[in-house]
Amino acid sequence: MSLQGIAFMAAVAVMVLGVLGTLIPALPGLPVIFLAMLGYGAVEGFREMTPGFLIAALLVVAATQVAEHYARAWGARRFGAGRAGAWGAVIGSIAGLFFMPLGLVLGPFLGAALFELFTGRPGGEALRAGVGGLVGVLGSVAVNLVVALGLTVAFIVKVLI
């Protein structure tokens, strides 16, 4: 088997880990998938993994990563949180990175709920905002999974076809 064939198989294996990383909070799934593409491109001389393809993939990964944080805020707002609760969901999701894996799920929930309580909202409304932050997390996981699968399929198609 050629070096390029081995690199392709290795890249696909790493991409499978990246897809799983969208479901397992401890692994940054989309960046891992992009790095697998970049690694394969380096091995094959960027003939199949053209700079244009890699830039497009990088933009998709970056946009999805940014949208992931907005999804938490959107979920909180959709469930009745005010501006403070939406910011709390985002801040909670960032703080949750230090308490993985549960922190990634509980962070937006607690952030939205606590920030709503700090602004004087009743407990029931604050709890509802927290649930919205959690819904945003679950929505962002679904989007990340779809994007991860799409990037993986695009890579395979680009290389094999």
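All figures in this text were calculated on a predicted structure; none of them were measured in a lab.
Residues Ala129 and Ala112 approach most closely at O-CB, 3.6 Å, considering heavy atoms. Counting all heavy atoms, side chain and backbone alike, Val60 lies closest to Leu151 at CG1-CD2, 4.4 Å. Smallest separation of non-hydrogen atoms from Ala36 and Val14: CB-CG1, 3.7 Å. Contact detail for Val61 and Pro31: the closest heavy-atom pair is CG1-N, 4.1 Å. Taking all atoms of both residues into account, the shortest heavy-atom contact from Ala11 to Tyr40 is CB-CB, 4.1 Å. Taking both residues in full, the closest heavy atoms of Thr119 and Ala84 are given as CG2-CB, 3.4 Å, listed atom of the first, atom of the second, then distance.
Aromatic rings of Phe155 and Phe53 (six-membered ring for Trp) have centroids beyond the 6.0 Å cut-off, not under it.
A continuous path of ILVMFWY side-chain contacts below 4.5 Å connects Leu160 to Val12, so both sit in one hydrophobic cluster. The hydrophobic cluster containing Met9 also contains Leu35, counting ILVMFWY residues as joined when their side-chain heavy atoms lie under 4.5 angstrom apart, directly or transitively. Linking Ile, Leu, Val, Met, Phe, Trp and Tyr residues whenever their side-chain heavy atoms come within less than 4.5 Å places Leu149 and Leu23 in a single cluster. A continuous path of hydrophobic side-chain contacts links Leu38 to Ile156 [ILVMFWY only; heavy atoms under 4.5 Å]. Following chains of ILVMFWY side-chain contacts shorter than 4.5 Å, one cannot reach Met15 starting from Val153, and the two form parts of different hydrophobic clusters.
Between Thr152 and Val19 there is a side-chain heavy-atom pair separated by less than 4.5 Å. Inter-residue side-chain proximity for Glu68 and Val143 is flagged as unmet; no heavy-atom pair is nearer than 4.5 Å.
The CE atom of Met37 sits 7.0 Å away from atom CD1 of Ile33, with the distance rounded to the nearest 0.5 Å. From Gln65, atom CD reaches atom CG of Leu30 across 5.0 Å, with rounding to the nearest 0.5 Å. Taking CD1 of Ile161 as the start and CD of Glu48 as the end, the distance is 12.0 Å to the nearest 0.5 Å. The CG atom of Leu20 sits 9.5 Å away from atom CG of Leu145, with the distance rounded to the nearest 0.5 Å. With rounding to the nearest 0.5 Å, the separation of CG in Leu59 from CG in Leu54 is 11.0 Å. Between Lys158 atom NZ and Thr50 atom OG1 the span is 4.0 Å, to the nearest 0.5 Å.
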**Asked** So Phe109 and Val137, side-chain contact (heavy atoms from CB on, under 4.5 Å) or not? Walk me through it.
**Response** CA-CA 9 Å; Phe109 172 81; Val137 167; over 6 Å; no
**Asked** Can you list the steps and then say if Val159 with Met49 is a side-chain contact (heavy atoms from CB on, under 4.5 Å)?
**Response** CA-CA 8 Å; Val159 172; Met49 285 294 100; 3.9 Å; yes
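Proximity of a side-chain donor or acceptor of Glu125 to a complementary backbone N or O of Ala81 within less than 3.5 Å is not detected. Glu116 places a side-chain N or O within donor-acceptor distance of the main-chain N or O of Gly85, the cut-off being under 3.5 Å. In terms of modelled atom types and a separation under 3.5 Å, the side chain of Gln4 and the main chain of Phe8 share no donor-acceptor contact.
In the displayed structure, Phe46 atom CZ is contacted under 6.0 Å by more than 12 heavy atoms of other residues, nucleotides or ligands.
Every residue meeting the side-chain contact (heavy atoms from CB on, under 4.5 Å) condition with Phe79, not counting sequence neighbours, appears here in chain and number order: Arg128, Val131, Val135.
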